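Quick notes on the structure that follows.
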Amino acid sequence: MHLSSSYILSLTTFVYLGATAIYLLYWIFRLEKVGILGTVITVVGFAMQTVGIGLRWYESYQLGYGHAPLSNLYESLVFFSWVTILVYLVVEFKTKNRVIGAFATPFACLAMAYASFSPNVQDTIQPLIPALQSNWLIAHVITCFLGYASFAVACGFGIMYLIRGDSRKSTSYLLEALPSRRVLDELMHQTIIFGFLWLTVGIITGAVWANQAWGTYWSWDPKETWSLITWFVYATALHARFVRGWAGKKIAYLSIIGFVSVIFTYFGVNFLLSGLHSYGSS
Amino acid sequence: MKTKNAHSQSNILVRFFSSVKLAVFLFIILAITSIIGTILPQGESLQFYLENYGPFYFKIIKTLQLYDTYHAWWYLALMGLFSVNLIVCTIKRLPYTMRLFKRDYLDLGKDALLNRPFKAQWQIAQKTNPADLKEEIKKSFLALVGKARMKQDVDGGQLYLAEKGRWNYWGVYLIHVSILIIFAGAVFGTFTGFKGRVMLLEGESTDHAVQMDAHGNIKKIPLGFTLKCNDFQVDFYPNGAPKLFKSDLSILENGQEVLKRSIVVNSPLTYKGVTFYQSSYQSVPDLKIRIVSSDGEQKILDLSAFDKGLWPKKRILIGIIKYLPNVHGAPAARIYVGDVSGNQGDAIWLLKGHDREVRVGRDTYRLSLISAKEKFMTGLQVKKDPGVWIVWLGCTIMIIGFGIVFWVGHRRTWLWIGQDGDKLNIILAGQTNKNKVSFEKEFNKIKEAINKQIGEQ
Ligand code: HEM
């Protein structure tokens, strides 16, 4: 099979790697043309990935399984990477600041590299077992990953916030290019609320699905519990601004801790703990 | 003196229970303690924890009920405290939010405008027609903000206000209240519903579900009607993965069939508030065995997984221990053969086409497996949860609340045009409680438009 979906998708890994490198160059040299090139490469990678996902969907029909490409670890990683780029492109469009790209595209690139090249991840198209044959599954995966992708971008903002330092003190040439701490704080907050909204919808659609499949909307299985833990971390981040002395740096740390918790919910639970969601480990 | 003391004490309590600090503390504690139940196996017997973790940790596990972390007294207490925190906080902030919601934001003076987070001021020595300039500035302001209300004679000028998204203040309330609604639904469901299981062979029926508690005790829960399994079907993909589990079910009332439906995973059947979910299946053997005693007498016994076969005349009892559908191409079963008193007996492997002899007491019996069929037994999860609709209501309200919090900000943009001596004085001011970055952009656009108007004069 030449030009299969997994081939196209593995190529996007390199396109995103290229985009990351160009955004870094833009950050260092601050040439407008380099920045535009970064955006162009990212958009091309995004288009390729969209085609790859569409093709994979088509291939699943050809194999006679016929399901949306959102059903195993490989497909979810590809989707995570795709949404991360989507969220980033929206942020870039709104803020007109391309330095953020150097902190957001690496997440998409790493997710694709892991999906395409890790021996732990199989890229074959598998049929859906009965529990996964539900439209709620599609709603569940899409909403969860919108949340996860926003949290990846918010984590990027958190890192930027911490290295940005206090803008009143003299800053170096590199740090000057980052948005000010005030703007970063605001962007981080907006992105976290956006992610929190989708994570919440993701947890709810998961509950509806579980209720339909097993008759229990909440069973404290490790993946559910970890998504709740993640939810608490971001709830902390959202409320910290109303506690004296908790704003600023602490929220940036929480945004990073929150994303670590997302990663654990996503992988750690599959590989280290057992439960209903263990299908993700295949 | 006494009343004042009591008053300040209740104040301290209210302050404590309404503080966001407590909420943040609870978020962190709940996040950390929730980890326990994902690492420590849950719902095992106490013996299991003693054997695997030793007496010291066993004591901790037992005292803190870590074998069922999420229903442990301290976890429920944290949840309770969390609810109290939310209730008190919501009630306490209500009047304050009401004031914000009702306030007339046109009721401001010129100086107050200069205290807004976003502001710009122009003072123009008048050369040309000031009335024209005023009109132009007003027009470009309205073109960018849309509708605006106006008030005359505010510090000698006109004040315009464009306002959007007052509703934003209630978004957070919807979110917070929805959490309480979800809790209420969960608690209500726990006390008014039940959860159990039913295992039914094809053709079999039952009028109760079975519930097993943490200590392994079995309880029968009456359904109030009869459930019958007519047929069970399982399909596989070419690669061997399961594709479909399907049970054909009938509901009977007083022996009359009132409903007939088939269910699959993700598509349950609900009748009178009780829902049946396809959750598992077993294939159970259905064997015919010929048994011949040493005196030449023989009998054919039907055996299924749970029914023993009895040959009363010879006081012989046989039962299935294990069944393998395919051993070198033939079905095989491990069979127990003994006398009814249970004193003597033996277990043998019986393969179809190969007779075996077994001694029970002083007699010898010859057994052969005549036929082996498989029957399916469907496994259903049974649940009644009248609270689930309250939970879904809470979830819906929560999502609406998030939508309001995220997409609707309370944005206010003021324009004041007045005289300051012989100068034309213009103040532009803005305030938002959400998304300041994008508001700033809009604000700067208005500022530039006004700059342009002034430049053109
Ligand atoms: C899991 C439970 C909770 C969730 C999901 C939640 C969610 C939220 C969200 C999304 C916001 C809006 C944040 C923003 O706009 O920046 C908010 C604000 C707030 N929350 Fe909570 N919250 C929870 C529990 C609590 C609790 C227990 C308290 C108790 C004190 C509390 C007090 C507040 C306050 C005071 C605000 C600020 C409202 C304002 O903007 O004026 N929250 N909450």
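Chain letters run A, B, ... following the sequence lines, proteins first, then strands; residues in each count from 1. Nothing here was measured: the structure is a model prediction, and the numbers come from that model.
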Given A:F242 and B:V24, is the side-chain contact (heavy atoms from CB on, under 4.5 Å) satisfied, shown in steps?
CA-CA 10 Å; A:F242 303 108; B:V24 165; over 6 Å; no

The interface call for B:V391 against chain A, heavy-atom contacts under 4.5 Å, is side chain

Min side-chain heavy-atom separation A:L197-B:W407 under 4.5 Å
yes

A:W57 atom CH2: more than 12 heavy-atom contacts under 6.0 Å:
no

Looking only at heavy atoms, what is the nearest atom pair of A:I229 and B:S34, with distance?
CG1-CB, 3.7 Å

Do other residues, nucleotides or ligands put more than 12 heavy atoms under 6.0 Å from B:Y237 OH?
yes

Is atom NZ of A:K250 surrounded by more than 12 heavy atoms (other residues, nucleotides or ligands) closer than 6.0 Å?
yes

For A:T230, is it the side chain, the backbone, both, or neither that has a heavy atom closer than 4.5 Å to a heavy atom of chain B?
neither

Within 6.0 angstrom of B:N444 CG, more than 12 heavy atoms from elsewhere
yes

B:L30 side, atom CG; A:T236 side, atom OG1 - distance, nearest 0.5 Å
9.5 Å

Go through the atoms of A:A207 and report whether side chain, backbone, both or neither lie under 4.5 Å from a heavy atom of chain B.
both

Proximal component of B:D235, with respect to chain A [non-hydrogen, under 4.5 Å]
neither

At a heavy-atom separation under 4.5 Å, does A:R244 approach chain B through its side chain, its backbone, both, or neither?
neither

Which portion of A:T200 sits near chain B, non-hydrogen atoms under 4.5 angstrom
side chain

Which bit of B:Q42 is near chain A, if near means a heavy-atom gap under 4.5 Å: side chain, backbone, both or neither?
neither

For B:I35, is it the side chain, the backbone, both or neither that has a heavy atom under 4.5 Å from a heavy atom of chain A?
both

How long is the straight-line distance from CZ of B:F27 back to CG of A:L254, given to the nearest 0.5 Å?
11.5 Å

Heavy-atom pairs under 4.5 Å with chain B are the metric here; pick the option from A:N211, A:V233, A:I204 that has the most.
A:N211

To the nearest 0.5 Å, how far apart are OH in A:Y217 and SG in B:C395?
9.0 Å

Before giving the answer on side-chain contact (heavy atoms from CB on, under 4.5 Å), spell out for A:F194 and B:F402 the whole-Å C-alpha distance, their side-chain angles and the decisive distance to 0.1 Å.
CA-CA 9 Å; A:F194 186 69; B:F402 271 114; over 6 Å; no

Check the pair A:W220, B:Y75 against ring-ring contact (aromatic ring centres under 6.0 Å, His included), reporting the backbone distance first and the verdict last.
CA-CA 13 Å; A:W220 295 104; B:Y75 198 85; 5.8 Å; yes

Heavy-atom neighbours of A:Y58 OH exceed 12 at 6.0 Å:
no

Could you tell me whether a side-chain N or O of A:E186 sits under 3.5 Å from a main-chain N or O of B:K436, the two making a donor and an acceptor?
yes

Straight-line distance of A:F232 CZ to B:I32 CD1, nearest 0.5 Å
12.0 Å

Do other residues, nucleotides or ligands put more than 12 heavy atoms under 6.0 Å from the CH2 atom of B:W74?
yes

I'd like to verify something: which residue of A:G215, A:A213, A:A210 has the highest number of heavy-atom pairs under 4.5 Å with chain B?
A:G215

Considering only heavy atoms, which portion of B:S279 lies under 4.5 Å from any heavy atom of chain A: side chain, backbone, both, or neither?
neither

Roughly how far apart are B:T275 OG1 and A:Q212 CD, rounded to 0.5 Å?
11.0 Å

Looking at every non-hydrogen atom in both residues, tell me the closest pair between A:T95 and B:K441 and how far apart they are.
CA-NZ, 4.0 Å

Is atom CZ of B:F25 surrounded by more than 12 heavy atoms (other residues, nucleotides or ligands) closer than 6.0 Å?
no

